Number of protein chains: 2
Amino acid sequence: MALAFFRKYKTIWLYGASLAVLLFLLKWLELRFIIYDHAFEAYIGAIALLFTSLGIWLAMRLTKPKVETVVIEKEIYRDAATNFIFNEKAFAGSGMSKRELEVLQLMTEGHSNQQIADQLYVSLNTIKTHNSRIFEKLDVKSRTQAIEKAKRLGLIP
Amino acid sequence: MALAFFRKYKTIWLYGASLAVLLFLLKWLELRFIIYDHAFEAYIGAIALLFTSLGIWLAMRLTKPKVETVVIEKEIYRDAATNFIFNEKAFAGSGMSKRELEVLQLMTEGHSNQQIADQLYVSLNTIKTHNSRIFEKLDVKSRTQAIEKAKRLGLIP
DNA sequence: GGTAAAATCACCCGAAAGTATGAGGGCGAA
DNA sequence: TTCGCCCTCATACTTTCGGGTGATTTTACC
C-alpha cells in the first residue's frame, strides 16, 4: 500500500526529499560561514540559481513530453480494378435483373454461352435469351460491346 | 544587429530581467522587514519556491516539443481506364506485332471483325488471320478471353 | 541481294454467337 | 385475380467467329 503510494508519487517524494536536503545544507552553510553584507546577495543568488535548476529539472521530469504531431498524407494509388466498387445506380438504371447480371459477369470472364449454361445449370438457349435481353438493356449489339459497356458503367470489375 | 540578437535569445533576456527584478524585490523586502532568526528560513524557503517555479516555467517554455511524425496512408482510387499505363514488358514478352496489337485494341472496344477490317482498310480475312495469331500468342481460345487477358497484362486499358 | 518476319488476302468448314418468335411456370403488385 | 416481369426452354434461322491451310507482298535486317 505505502509502497504503491510511494511509487505513484515518486517524483513528488523525490522533490520533497531534495528540498529537505538542500535546506539542511543551506542551514549548515549558514552556520559554517558568516554572512557578510555583500556576501548575502551572492548567497541569495546561489539559492536562486540552485532552485531554478531544480525547477527546470523537475519540470523536465514531471511534464509530459510535448508531442507535436505532424501528419503526412501518403498517397497510395491503387488500381480501381483490384478494388472494384459495384455501381448500384448504374445497375438499377439499366433495368437488368439479377440473373442477367450474373450471366453478364460470367460473360466478361471469358466464358462461352455453353460454359455459362453449364455453370448455371440451365440450357444454352436460356443463356442466349438472357444475352439478348442484356444487349437490349445495355443498348449494344454484341457480347464484346456488352463487356466494354459493363466495365464503363461499373457493373463488373 | 542588437535587435536580432535580442530576438534570438529573447527567453534568456527575459529570464535575466526577471531575475534582476526579483533580486531587487528581495533587496527591497530585506530593507523593509527585519529578518529574525526564524524568519530567515521562511525567507529562504520562499526564495526556493519562487525560483523553483521560475525554473519550471522556464523549462516549460524552453523545452522543444518532441516531433512525432505520423504517416497516414491515404488511398486514392484511380480509374484504371483513365490512368492507363501500357505494359511494354508484357507486350514485348507476348511477341505480338504492332499490327496485331492494333487489331487487339479495336477488338476490345467492341468492334466486330468486319468493323475492324473496314477501319484498317484491310479485308475481313486479314483480320481473321491476325486474330488467330493474337489468340495463339496470348494462349487463349476466343476474343472474349483475349480481351480479358490483354486487360490483365496491361496491353489495353 | 537474300532472308526472316510481318502484313496482306483467299477459301472452306464447323462452332459459336446472335435474332426472332413462342410458350409455360412463378411471383409480387395493382 | 389479373397484369407485368422474370426465368426458363425450345425451334429455326442468320451472322459472326475461329481454325486450318496456303499464298503473295511488304518491310526490315544482315
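Keep in mind that this is a model prediction, so the values were computed, not measured. Below, chain A is the first sequence line, B the second, and so on; all start at residue 1.
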### Query
Nearest to the side chain of B/S112, which nucleotide is it out of C/dA16, D/dG19, D/dT16?
D/dT16
### Message
Could you walk me through whether A/L155 and A/L138 satisfy the side chain to side chain contact (heavy atoms under 4.5 Å, CB included) test, starting with their C-alpha distance in whole Å, then the side-chain angles of each, then the deciding distance to 0.1 Å, before giving a yes or no?
### Response
CA-CA 11 Å; A/L155 298 178; A/L138 287 182; 4.2 Å; yes
Could you state the atom-to-atom distance from [atom1] of [X] to [atom2] of [N] in whole Å?
{"X": "A/I147", "N": "D/dC17", "atom1": "CD1", "atom2": "P", "answer": "13 Å"}
{"X": "A/N131", "N": "C/dT19", "atom1": "CG", "atom2": "P", "answer": "9 Å"}
{"X": "A/F135", "N": "D/dT15", "atom1": "CZ", "atom2": "P", "answer": "17 Å"}
{"X": "B/L138", "N": "D/dG18", "atom1": "CG", "atom2": "C1'", "answer": "15 Å"}
{"X": "B/L124", "N": "C/dC13", "atom1": "CG", "atom2": "C1'", "answer": "15 Å"}
{"X": "B/R143", "N": "D/dT16", "atom1": "CZ", "atom2": "C1'", "answer": "8 Å"}
{"X": "B/I134", "N": "D/dC17", "atom1": "CD1", "atom2": "C1'", "answer": "13 Å"}
{"X": "A/I116", "N": "C/dG18", "atom1": "CD1", "atom2": "C1'", "answer": "13 Å"}

### Query
Is the phosphate of D/dC17, meaning OP1 or OP2, less than 4.0 Å from a side-chain N or O of B/N113?
yes
### Message
With a cut-off of less than 4.0 Å, is there a side-chain N or O of B/N125 near OP1 or OP2 of C/dA10?
### Response
yes
### Message
If the condition is side-chain hydrogen bond (donor to acceptor under 3.5 Å, both in side chains), which residues does A/Q145 pass it with, not counting sequence neighbours?
### Response
none
### Query
Is there side-chain contact between B/I134 and B/V140, with at least one heavy-atom pair below 4.5 Å?
no
Just the atom pairs and distances: protein N or O near nucleotides 2-8 of chain C's N or O, under 3.5 Å.
{"residue": "C/dA7", "atom": "OP1", "partner": "B/R99", "partner atom": "N", "Å": "3.1"}
{"residue": "C/dA7", "atom": "OP2", "partner": "B/S97", "partner atom": "OG", "Å": "2.0"}
{"residue": "C/dT8", "atom": "OP1", "partner": "B/R99", "partner atom": "NE", "Å": "2.9"}
{"residue": "C/dT8", "atom": "OP1", "partner": "B/R99", "partner atom": "NH2", "Å": "2.5"}
{"residue": "C/dT8", "atom": "OP2", "partner": "B/R99", "partner atom": "NE", "Å": "2.8"}
{"residue": "C/dT8", "atom": "OP2", "partner": "B/H130", "partner atom": "NE2", "Å": "2.8"}

### Task
May I ask you to say whether A/E102 pairs ionically with A/K98, meaning some side-chain N is under 4.0 Å from a carboxylate O?
no
#### Entry: Derivation of the side chain to side chain contact (heavy atoms under 4.5 Å, CB included) call for A/L106 and A/L120
CA-CA 10 Å; A/L106 289 172; A/L120 298 181; 3.9 Å; yes
### Query
Can you tell me if CZ on A/R133 sees more than 12 non-hydrogen neighbours from other groups inside 6.0 Å?
no
### Message
Can you tell me how far apart NE2 (B/H111) and CG (B/D118) are? Round to the nearest 0.5 Å.
### Response
10.5 Å
### Message
I want to confirm an ordering. Mapping B/K128 and A/Q114 to their closest nucleotides on DNA chain C, which one lands closer to the 5' end?
### Response
B/K128
